[in-house]
Enquirer: 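Here's a structure for you.
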Amino acid sequence: MTKKEIPKAYHPQEVEDAVYKKWEESGKFNPDNLELPENAERFSISMPPPNATGVLHLGHASFLTHQDLMIRYNRMKQKNTLWLPGTDHASIATQTKVEKIIAKEGKTKYDLGRKKFLERVNEYVENSQNTIKNQTRRMGSSCNWSRERYTLDSGLSRAVKEVFAKMYNDELIYRGDRIVNWCPRCESTLADDEVEHKDQKAKLYYFKYDKNFPITIATTRPETKLGDTAVAVNPKDERYQKYIGKVYEINLGNGKHKIKIISDREVEMNFGTGALGVTPAHSMTDWEMAEKNDLEKIKIIGEDGKMNNNAGKDYEGLTVLEAREKIVEYFEKNNLIEKVEEVDQSLSICYRCDTPIEPLPSKQWFVAVDKKITIKGNKYFQNKSLKEVALGVVKNKEIKIIPERFEKTYFNWMENLHDWCISRQLWFGHQIPAWFKTKVGSEMEAVHFSEDVLLKKLGLKDRAEFDNFSNNILFNEDSDISWAGEDPVELYQKYIIILKDKGLIDNSWIEENRIERQTIKSECFVGENPPEKIGWIQDPDTLDTWFSSGLWTFSTLLNQDHEKYKTFEDWVENSPDLKKFHPTSVMETGYDILFFWVARMILMTTYTLGEVPFENVYLHGMVRDKQGKKMSKSLGNGIDPIEMIEKYGTDALRLSIIIGSSPGNDIKMYEEKIEGYRNFVNKLWNVSRYITMNQESRNKNQEIDYDNLTLADKWILENLNNLIKEATDDLDNYRFSQAGEKIKEFTWNDFADWYLEISKIEKDKDEILIYILKRLLILAHPFVPFVTEEIWKNIGTENLLITEKWSSCRDGDLSRLSRGKDAINRRLYDTNAINQDARDAMNLDRDAMNRVSTENDFEIIQDIVKSIRNARAEYKIEPSQKIEAVIYAGNKKEFIKSQAHLIKNLRTGIDKLEIKEKGEKIKDAVYVVVNDIEIYLIGIIDKEKERKNLEKEIADLEKYTTGIRAKLSNDDFIANAPITIVEKERKKFMEGEEKAEKLEEKLKSLLN
RNA sequence: GGGCGCUUAGCUCAGUUGGCUAGAGCAUCUCGUUUACACCGAGAGGGUCGGGGGUUCGAAUCCCUCAGCGCCCACCA
């Protein structure tokens, strides 16, 4: 490219797509195409799969940036690097979206039926899946697309079924009762996060069950008392001590039942009477108390939100609110109410329809987390429970969590983990691979009407004829009503329709024979396919999304052609990717899903493979707005990453995510910040523009002439060397922000503001400039991949930067720069007697000493230049006005002289410069002291101002040296502080004193 | 109620195992088009490191305590 073709400003919009395409076409995202050393180390990350139908938001942008940074860095370090992308089916979110769409057509999912509905969902997923993938590309994500997976693809689904069956056979999965959040209107369970809370006033009734009952209890839901089986009090509550353990028989008009007095720490002594009526079937906490105390659980409210027959004849069929009125009436009539209070209450309501939630017991699938098991060939599970193993691998640091404090959170959560409910009443997802034998007889039992009745209604002779009927109509695969996979309740509804169509039943019959979902009794088979083709019905529920994503790190690495393998073990054994890339190196994700996902992966993977899923967990913070608020659509404070990319470029967005953020801490995002980093990207662009524009096209690869380096050359090369070392160290230790900041600082401050300016004065620096630029591009590439790759091309390199060796940062003979350092060290440290121990201690601190030595050289020149500029500004010298300067440099005379060209030309506006060892104080000049070097700027006369300046500086110095003097005269300090610190202080003190002396002399001469 | 975190310049944040006169960017003010860049350069002002106590030769950093803010979990009979 010739000079004129490089635009003045970097335009990411014109570069990014093409660069990404080039990367993708190069195949380098795929580790199989990397040219790696024989024993290349593994580095792999499983991308947390975004929702297949999602749209890129800043949360995605954040994890994509963090992971891409690590991936690019490690790829450049010549590791066998895999970043495996994928998408998640996100059952709830996706299903809800499609439900909304069909609602616009005036339909519900029931109108379509499961099969058709799922077709709609899959269609929707297919159509919207590309959005998120293309947006992922725009972030510059260098993930291996050919290995991309989807949580519902056939391989992953097989893995889910296999693991489910394996756990079932190991008795780690069981079916049991549990209270669920039930919305009577939607006729569906709700996950905890789908339950919303509304604060409201409620009446708190104080009453006794009957006259003989000794304890008054308080409740806001009197109707549930029909299902009470205990009264709980706090074990410390003295009022009730004597009753604990006793059993009373009561009658609320719905028959007699027993009430046991139990104690539980959960009971608040100060609320109500301190005694709580326990309704196991209709309250979460009460359920747990009932489990602990082995109480009977009486279900008195049905799925329709109405009282059932357990509530007694008087109440059956009433809505909850009607029943409440009625029972309060009953209490009043019998004089059992003591008082009624107004209290604040937070009511649980359905997020979709605001209907109050009815907690109900229901049959669900669970993973047993406390059951100890032994698995052959699994080093973790030797008489250990899932929970114990999951705790263990973090405790013994097989898995490291960054930042470490989240380990505590993890332990706390894991220790309190209850059995994990994995079934969800949704259609979209992995249908639970459990099959129930549903001979028609049992089905009839299930639907609450007897065989006789049904046969009669259908006009059938006997059981055999019914079987025939069912098989023909319902089990026939060609019929519209498919059998397998149907929800039993729906199936029942289909029976009803057939019966109704035949005129066998009417609406009142249907009303009388409503079924209860939970009463289905059947034989169970767990596995991929039922033993026979007909007569088995698959559990209609689907698995919790976290069950499948819990397998993510390894299920994505299993061979895709899973059909080839008969057994799971065989499949695992023959999947080379799994061997190569698992356990993954880092799991990078937001701390908000530490529990949901990270913990689940640990449970599932240690169990299935006997391996941890990842070695490190890096948790990034949430992205918030400038005020620290969560970004959300409803608040309208969201920043659209795509919009930002279009405006400022991906690189700028990436930097604004990385720099200024630390693991586990939230970051605030706002446009000005992105703008700032856009400026940096542009700076980098212009640095390269300047270098390439001035590059003589001859001899591109000429070596740096190390024997003829100027002071500034040495300084910049040493700083670069330090930068490489520190940035590498930072990146290895997950200090991304710091690495990025250092690279930015070096580029902008050292390289652009100083060294490029120097190169305009000293000239002929093509080799060094291009050398530094290349190293800088390598260093910056993981942070800002697009601009660096583009510049890399512009400076005429043939290979892609993406696979450039990170180690080549260290090429070149920088050790030759260290010549002369020993002399400097001697100057610094030999002035005082130092014993051998101290010398040894100092040797350990070589890095620090090396830094000191560079400071001592070039930074003096920088300080001189800065002070001259400063003085010019202070005394308001017109920029065009040239001035004359005299420097008394003492024993540094030759050294300063050698750098006179810099002192004169780095925007100091000096046309005449005289450098002497020493001399008389010059009266009509501004006086500046840098270390022990005196500078006079002649011709600037403002005595009053100079006097003030000198006085202020002397006063400041005085304060400064007094502090150090106090330190040095403290014997304890001398005795206890490390020798290097003491030496530093001593040096600081001496320099300070010397300077003060000089300033005072000048002040004196000024006043004379 | 239990747990975790934060509080450093007007704003956003750095500040590794305690050791430079506590730093940067943005904003503010002053000056400026010089062989890349005004998405720029030079310079300046601005902080009792939330308060109090302790440990230490030495504390923004470690411990205790108080205050304010935020998050997570549980509960709301």
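What you are looking at is a predicted structure, and each value in this text was computed from that prediction instead of being measured. All chains are named by letter (A, B, ...) in the order of the sequence lines, taking the proteins before the strands, and each is independently numbered beginning at 1.
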Enquirer: A/Arg624 CZ to B/rC72 C1': how many Å, rounded?
Expert: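 Taking CZ of A/Arg624 and C1' of B/rC72, I get 11 Å after rounding.
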
Enquirer: In whole Å, what separates the P atom of B/rC64 from that of B/rG18?
Expert: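 Approximately 16 Å lies between the P atom of B/rC64 and that of B/rG18.
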
Enquirer: At 4.0 Å (heavy atoms only), tell me whether A/Arg735 reaches a base, stays on the sugar-phosphate, or touches nothing.
Expert: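 It contacts base atoms.
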
Enquirer: Counting the atoms with a prime plus P, OP1 and OP2 as sugar-phosphate, which does A/Thr224 contact under 4.0 Å by heavy atoms, base, sugar-phosphate, or nothing?
Expert: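 No contact.
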
Enquirer: Would you call A/Phe973 stacked on B/rC57, i.e. ring centres under 5.5 Å apart with the planes less than 30° off parallel?
Expert: no

Enquirer: Among B/rU16, B/rC76, B/rG43, which is the nearest nucleotide to the side chain of A/Gln738?
Expert: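 Of B/rU16, B/rC76, B/rG43, B/rU16 is nearest to the side chain of A/Gln738.
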
Enquirer: How would you list, by chain and number, every residue that makes a ring pair (Phe, Tyr, Trp, His ring centres under 6.0 Å) with A/Phe751, sequence neighbours excluded?
Expert: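 Result, ring pair (Phe, Tyr, Trp, His ring centres under 6.0 Å) vs A/Phe751: none returned.
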
Enquirer: Of the nucleotides B/rA42, B/rU12, B/rC76, which has the atom closest to the A/Arg869 side chain?
Expert: B/rA42

Enquirer: Roughly how many Å apart are B/rG51 and B/rU8, using the C1' atom of each and rounding to a whole number?
Expert: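 Rounded to whole Å, the distance is 15 Å.
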
Enquirer: Between A/Glu407 and A/Lys400 (salt bridge meaning N to carboxylate O under 4.0 Å), is one present in this structure?
Expert: no

Enquirer: Taking 4.0 angstrom as the limit, do A/Glu675 and A/Lys647 come out as a salt bridge?
Expert: no

Enquirer: I'd like to know if the side chain of A/Asp750 pairs up with that of A/Tyr755 as donor and acceptor (distance under 3.5 Å, no hydrogens or angles considered).
Expert: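 No, A/Tyr755 and A/Asp750 have no side-chain donor paired with an acceptor closer than 3.5 Å.
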
Enquirer: May I ask you to check whether A/Tyr648 and A/Glu671 show a side-chain donor-acceptor distance below 3.5 Å?
Expert: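 Short answer, yes.
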
Enquirer: Between A/Lys952 and A/Ser662, just flag the one whose closest nucleotide in RNA chain B comes earlier from the 5' side.
Expert: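 The answer here is A/Ser662.
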
Enquirer: Determine the interatomic distance between P on B/rA9 and the same-named atom on B/rG50; round to the nearest Å.
Expert: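 So the two P atoms sit 8 Å from each other.
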
Enquirer: Has the side chain of A/Asn412 got a donor or acceptor atom that lies under 3.5 Å from a matching backbone atom of A/Lys408?
Expert: no

Enquirer: Send over the distance from A/Trp754 CH2 to B/rC40 C1', rounded to a whole Å.
Expert: 17 Å

Enquirer: Measuring only the P atom in each nucleotide, how far is B/rA24 from B/rA14? A whole number of Å is fine.
Expert: 16 Å

Enquirer: Taking B/rC26 as the reference, what is the distance to B/rC39 when you measure between their P atoms (whole Å, please)?
Expert: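 After rounding to an integer number of Å, I get 13 Å for this pair.
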
Enquirer: Does a sphere of radius 6.0 Å around CD in A/Glu14 hold more than 12 heavy atoms from other residues, nucleotides or ligands, not counting ones at 6.0 Å or beyond?
Expert: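 Yes, the 6.0 Å shell around CD holds more than 12 heavy atoms from other groups.
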
Enquirer: Counting side-chain heavy atoms from C-beta on, which of B/rA42, B/rU21, B/rC39 comes nearest to A/Leu957?
Expert: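 So the nucleotide nearest the side chain must be B/rU21.
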
Enquirer: Using whole Å, report how far CG of A/Asp956 lies from C1' of B/rA44.
Expert: 15 Å

Enquirer: Got a salt bridge between A/Asp286 and A/Lys297, using NZ or NE/NH1/NH2 to carboxylate O under 4.0 Å?
Expert: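 Between A/Lys297 and A/Asp286 there is no salt bridge, as every charged N stays at least 4.0 Å from the carboxylate O atoms.
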
Enquirer: Between protein and nucleotides 24-36 of chain B, map the contacts as a letter string: B base, S sugar-phosphate only, - none, heavy atoms under 4.0 Å, written 5' to 3'.
Expert: -------SS-BBB

Enquirer: Both A/Glu874 and A/Tyr960 contact RNA chain B. Which one's nearest nucleotide lies toward the 5' end?
Expert: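 It is A/Tyr960 whose nearest nucleotide is closer to the 5' end.
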
Enquirer: How many whole angstroms separate atom CD of A/Glu953 from atom P of B/rU21?
Expert: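 Computing the A/Glu953:CD to B/rU21:P distance gives 16 Å.
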
Enquirer: Name the nucleic acid region contacted by A/Ala977, choosing base, sugar-phosphate or nothing; use a 4.0 angstrom heavy-atom cut-off, strictly under.
Expert: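 Touches a base.
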
Enquirer: Touch check for A/Lys866, heavy atoms < 4.0 angstrom, all strands: base, sugar-phosphate only, or nothing?
Expert: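 Since only primed, P, OP1 and OP2 atoms lie under 4.0 Å of A/Lys866, the category is sugar-phosphate.
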
Enquirer: In residues 401-414 of chain A, which residues come under 4.0 Å of RNA chain B by heavy atom?
Expert: A/Arg405, A/Lys408

Enquirer: To the nearest Å, give me how far apart CG (A/Leu906) and P (B/rG43) are.
Expert: 11 Å

Enquirer: May I have the distance from A/Ile357 (atom CD1) to B/rC76 (atom P), rounded to whole angstrom?
Expert: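 The answer, rounded to whole Å, is 15 Å.
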
Enquirer: Listed by chain and number, what are the ring pair (Phe, Tyr, Trp, His ring centres under 6.0 Å) partners of A/Tyr410, not counting sequence neighbours?
Expert: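 Checked A/Tyr410 against ring pair (Phe, Tyr, Trp, His ring centres under 6.0 Å); zero matches.
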
Enquirer: I want to verify a distance call: between B/rC71, B/rG19, B/rA77, whose nearest atom is closest to the A/Thr219 side chain?
Expert: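 It is B/rA77.
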
Enquirer: What residues form a ring pair (Phe, Tyr, Trp, His ring centres under 6.0 Å) with A/Phe406, not counting sequence neighbours?
Expert: A/Tyr591

Enquirer: How about A/Lys876: does its NZ atom have over 12 heavy atoms from other parts shown lying under 6.0 Å from it?
Expert: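 Result for NZ/A/Lys876: open.
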
Enquirer: At 4.0 Å (heavy atoms only), tell me whether A/Val278 reaches a base, stays on the sugar-phosphate, or touches nothing.
Expert: nothing

Enquirer: Please measure how far the C1' atom in B/rU7 lies from the corresponding atom in B/rG15, and state the result in whole Å.
Expert: 15 Å

Enquirer: Please report, rounded to the nearest Å, how far the P atom of B/rC37 is from the CZ atom of A/Arg678.
Expert: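 So the two atoms are 16 Å apart, to the nearest Å.
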
Enquirer: Side chains of A/Ser867 and A/Asn870: is there a donor and an acceptor less than 3.5 Å apart?
Expert: no

Enquirer: With rounding to whole Å, what would you report as the distance between B/rC6 and B/rU21 at their C1' atoms?
Expert: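 It comes out at 28 Å once rounded to the nearest Å.
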
Enquirer: Which string of ( ) [ ] | and . matches RNA chain B, if you list each base 5' to 3' and count Watson-Crick or G-U pairs only when both distances are under 3.5 Å?
Expert: (((((((..((((.....[...)))).(((((.......))))).....(((((..]....))))))))))))....

Enquirer: Verify the contact: side-chain N or O of A/Ser737 to OP1 or OP2 of B/rA14, cut-off strictly under 4.0 Å; return yes or no.
Expert: no

Enquirer: Can you confirm whether A/Lys203 is buried at NZ, in the sense that more than 12 heavy atoms of other residues, nucleotides or ligands lie under 6.0 Å from that atom?
Expert: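 No.
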
Enquirer: Rounded to the nearest Å, what distance is computed from the CG atom of residue A/Asp972 to the C1' atom of nucleotide B/rG19?
Expert: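 Checked: the CG to C1' distance equals 16 Å.
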
Enquirer: With rounding to whole Å, what would you report as the distance between B/rA42 and B/rU48 at their P atoms?
Expert: 28 Å

Enquirer: Is there a donor-acceptor contact under 3.5 Å linking the side chains of A/Glu358 and A/His282?
Expert: no

Enquirer: A/Gly272 near the nucleic acid: base, sugar-phosphate alone, or nothing, with a heavy-atom cut-off under 4.0 Å?
Expert: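 No contact at all - A/Gly272 keeps every heavy atom at 4.0 Å or more from the nucleic acid.
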
